[in-house]
Trainee: 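Could you have a look at this structure, given as structure tokens, before my questions?
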Amino acid sequence: MMKCLQSWPEPIVRVQSLAQSGIKTIPELYIKPPCKRPSNDLVLDDATVNIPVIDLQALAGDDQSLRETTLQLVSSACREWGFFQVVNHGVSHELMKRARETWREFFEQPLEVKQEYSNNPSTYEGYGSRLGVEKGAILDWSDYYFLHYMPPELRKPTKWPALPSSCRNLIEEYGEEATRLCGRLMKMLSLNLGLGEDYLLNAFGGEENVGACLRVNFYPKCPQPDLTLGISAHSDPGGMTLLLPDEDVAGLQVRKGDSWVTVKPVPNAFIVNMGDQMQVLSNAIYKSVEHRVIVNSVKDRVSLAMFYNPKSDLLIEPAKALVTNDRPALYPAMTFDEYRLYIRTKGLWGKSQVESLKTHE
Ligand code: OGA
Ligand code: NI
């Protein structure tokens with residue numbers, strides 16, 4: 001691993017500590033240039049606009065036409081939004097609630113307890129407060145905890161919080177349910193692309209080899225929410241993301257053309273979105289859509305993002321069945337390791353990475 005990735009370029013400041021210190025103005029390091037401030041964009045957040053909400057109930061039943069309709073809804077959502085919410089997804093609501101509560105409890109502990117898990121930029125595992133090692137970069141208004149659940153050889157419970165005492169078991173339980181749902185979603189996406197049901201999972205290395213990592217985001221209250229972002233605009237670098245959003249605080253915004261749509265979380269729903277590797281595999285039939293998180297001055301927000309990724313050393317390239325004379329391969333083959341190294345060095349910059357890979361168009 002490159003030497004520059006072994007430590008952070010500047011001392012780490014926990015955003016949560018900053019917020020709790022009672023400051024009325026935020027440090028300059030968090031102030032976005034005017035063109036990147038949330039206040040300067042067109043935001044569609046009236047109650048009627050939302051990403052599609054899809055009921056997956058029919059997929060468990062045997063009514064073929066209802067199944068088809070559901071798959072069709074997923075297909076449109078992937079093509080038109082790159083984002084959707086799912087309900088009746090089979091994951092216990094009680095577990096979802098417990099997952100949010102347990103992680104809230106983790107972040108509410110004293111700083112010393114959390115510092116024990118401070119992360120570094122070579123693996124990112126643990127308690128962190130920045131992405132990227134560029135000195136002087138403008139930072140986001142959030143802290144996070146990052147850990148690996150899959151593949152089994154990367155699952156190291158000793159790197160997970162020992163406190164609250166229920167945390168490690170919760171991660172195991174949540175990891176199992178969340179990856180199971182990701183597996184079901186991958187089948188739907190494969191079928192919808194006209195590929196065999198297992199095509200995408202196999203391209204990711206199969207059930208035993210896929211990567212699944214969890215990033216729990218904590219967005220503290222912010223005294224000047226118009227000047228900063230909880231997470232800057234980005235697309236997720238991996239395959240697919242399953243997000244468990246905060247129950248009562250909105251914050252996620254998804255790009256739609258030239259404006260942003262604020263996601264209104266539906267009770268007991270997960271938010272699903274396509275990552276860059278899915279854009280590559282589908283030869284851009286599915287897009288990894290840009291999104292960001294805004295913060296507010298009233299309430300902290302917690303979210304759990306499960307990143308479902310290809311095995312890191314497999315070449316990812318457009319599915320052959322989706323490459324034609326009219327639509328040549330838009331991306332070269334590249335491993336997720338190579339792709340991720342680029343991002344971990346630079347930080348997240350909108351969609352520049354996957355776009356810059358394009359070979360045609
Ligand atoms: C992410 C992300 C959104 C959210 O972790 O990549 O986009 O609502 N999170 O926290
Ligand atoms: Ni994201």
Side-chain angles (χ1 to χ4, degrees), residues 15-16 38 43 45 50-51 81-86 96 99-100 103-104 106-107 119 124-132 139-149 174 178 182 211-222 225 228-256 260-266 269-279 286-296 299-309 336 339-340 343-344 346-354:
V15 178
Q16 189 179 6
V43 173
D45 59 1
N50 204 359
I51 58 172
W81 288 85
F83 262 87
F84 52 100
Q85 301 191 57
V86 290
M96 296 165 80
R100 292 181 175 109
W103 280 103
R104 234 178 215 291
F106 169 78
F107 284 102
N119 73 349
Y124 275 88
E125 288 173 287
Y127 182 43
S129 297
R130 68 180 288 163
L131 193 56
L139 302 180
D140 289 336
W141 193 262
S142 54
D143 302 319
Y144 61 84
Y145 202 101
F146 180 76
L147 60 89
H148 289 280
Y149 177 73
Y174 184 80
C182 287
C213 35
L214 182 67
R215 186 166 77 210
V216 184
N217 299 298
F218 185 83
Y219 306 96
K221 288 187 267 196
C222 177
T228 191
L229 285 164
I231 302 189
S232 299
H234 67 282
S235 61
D236 292 344
M240 185 182 74
T241 305
L242 185 72
L243 183 85
L244 176 61
D246 198 286
E247 316 189 78
D248 16 71
V249 192
L252 175 61
Q253 296 185 330
V254 174
R255 184 186 278 287
K256 187 74 178 153
W260 295 89
V261 171
T262 304
V263 175
K264 287 94 191 161
V266 164
F270 282 101
I271 297 169
V272 181
N273 67 281
M274 304 297 110
D276 295 344
Q277 307 308 310
M278 200 63 85
Q279 179 166 330
Y286 296 161
K287 305 276 186 353
S288 61
V289 170
E290 247 187 303
H291 52 287
R292 67 183 188 183
V293 175
I294 55 166
V295 288
N296 71 84
K299 272 191 135 178
D300 300 335
R301 177 171 181 271
V302 174
S303 70
L304 280 69
M306 172 69 86
F307 301 110
Y308 197 76
N309 297 328
F336 185 46
Y339 191 77
R340 189 158 49 181
I343 283 168
R344 287 185 169 182
K346 290 284 206 203
L348 293 168
W349 281 104
K351 283 211 55 167
S352 53
Q353 293 92 352
V354 75

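Just follow the structure's listing: the first ligand is 1, and inside any ligand the first atom is 1. Quantities reported herein were computed from a predicted structural model and do not represent experimental measurements.
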Trainee: Which atoms of ligand 1 have any heavy atom of Tyr219 under 4.0 Å away?
Mentor: 3 (C), 4 (C), 9 (N), 10 (O)
Trainee: Could you list which atoms of ligand 1 come closer than 4.0 Å to a heavy atom of Ile231?
Mentor: 1 (C), 2 (C), 5 (O), 9 (N)
Trainee: Of all the N, O or S atoms in Asp236, which has the shortest distance to the Ni ion (ligand 2)?
Mentor: OD1
Trainee: So is Arg292 in contact with ligand 1, going by heavy-atom distances below 4.0 Å?
Mentor: no
Trainee: Using the side-chain contact (heavy atoms from CB on, under 4.5 Å) rule, pick out the option among Val302, Asp300, Ile231 that qualifies with Tyr219.
Mentor: Ile231
Trainee: Is the closest side-chain heavy-atom distance between Pro225 and Ile294 below 4.5 Å?
Mentor: no
Trainee: Please confirm whether the backbone N or O of Phe146 pairs with a side-chain atom of Tyr127, one donor and one acceptor, at under 3.5 Å?
Mentor: no
Trainee: Could you check whether the rings of Trp103 and Phe106 sit parallel, tilted or perpendicular, using 30° and 60° as the cut-offs?
Mentor: perpendicular
Trainee: Examine distances only and state if a side-chain atom of Gln277 and a backbone atom of Phe336 form a donor-acceptor pair shorter than 3.5 Å.
Mentor: no
Trainee: Under a 4.0 Å heavy-atom limit, does Leu243 contact ligand 1 with its side chain, its backbone, both, or neither?
Mentor: side chain
Trainee: Which atoms of ligand 1 are found less than 4.0 Å from any heavy atom of Val293?
Mentor: 3 (C), 4 (C), 8 (O), 10 (O)
Trainee: Pull out every atom of ligand 1 sitting under 4.0 Å from any heavy atom of Ala305, numbered as shown with elements.
Mentor: 5 (O)
Trainee: Rounded to the nearest 0.5 Å, what separates atom CE in Met306 from atom CG in Leu243?
Mentor: 11.5 Å
Trainee: Which is it for Tyr144 and ligand 1 at heavy atoms under 4.0 Å: side chain, backbone, both or neither?
Mentor: neither
Trainee: In terms of the angle between their ring planes, are His291 and Phe83 parallel, tilted or perpendicular, with boundaries placed at 30° and 60°?
Mentor: perpendicular
Trainee: Going by the order shown, which atoms of ligand 1 are within less than 4.0 Å of some heavy atom of Arg215?
Mentor: 1 (C), 5 (O), 6 (O)
Trainee: Atoms of ligand 1 less than 4.0 Å from Phe307 heavy atoms?
Mentor: 5 (O), 6 (O)
Trainee: For the residue pair Tyr124 and Leu131, establish whether any side-chain heavy-atom pair is separated by less than 4.5 Å.
Mentor: yes
Trainee: For atom 9 (N) of ligand 1, which of the options Asn217, Ile294, Thr241, Val302 provides the nearest non-hydrogen atom?
Mentor: Asn217
Trainee: Give, rounded to 10 degrees, the angle between NE2 (His291) and NE2 (His234) as seen from the Ni ion (ligand 2).
Mentor: 90°
Trainee: Just so I know, are the side chains of Tyr308 and Tyr149 near enough to count as touching, which here means a heavy-atom distance under 4.5 Å?
Mentor: no
Trainee: With heavy-atom distances below 4.0 Å as the criterion, list the atoms of ligand 1 near Leu252.
Mentor: 3 (C), 8 (O)
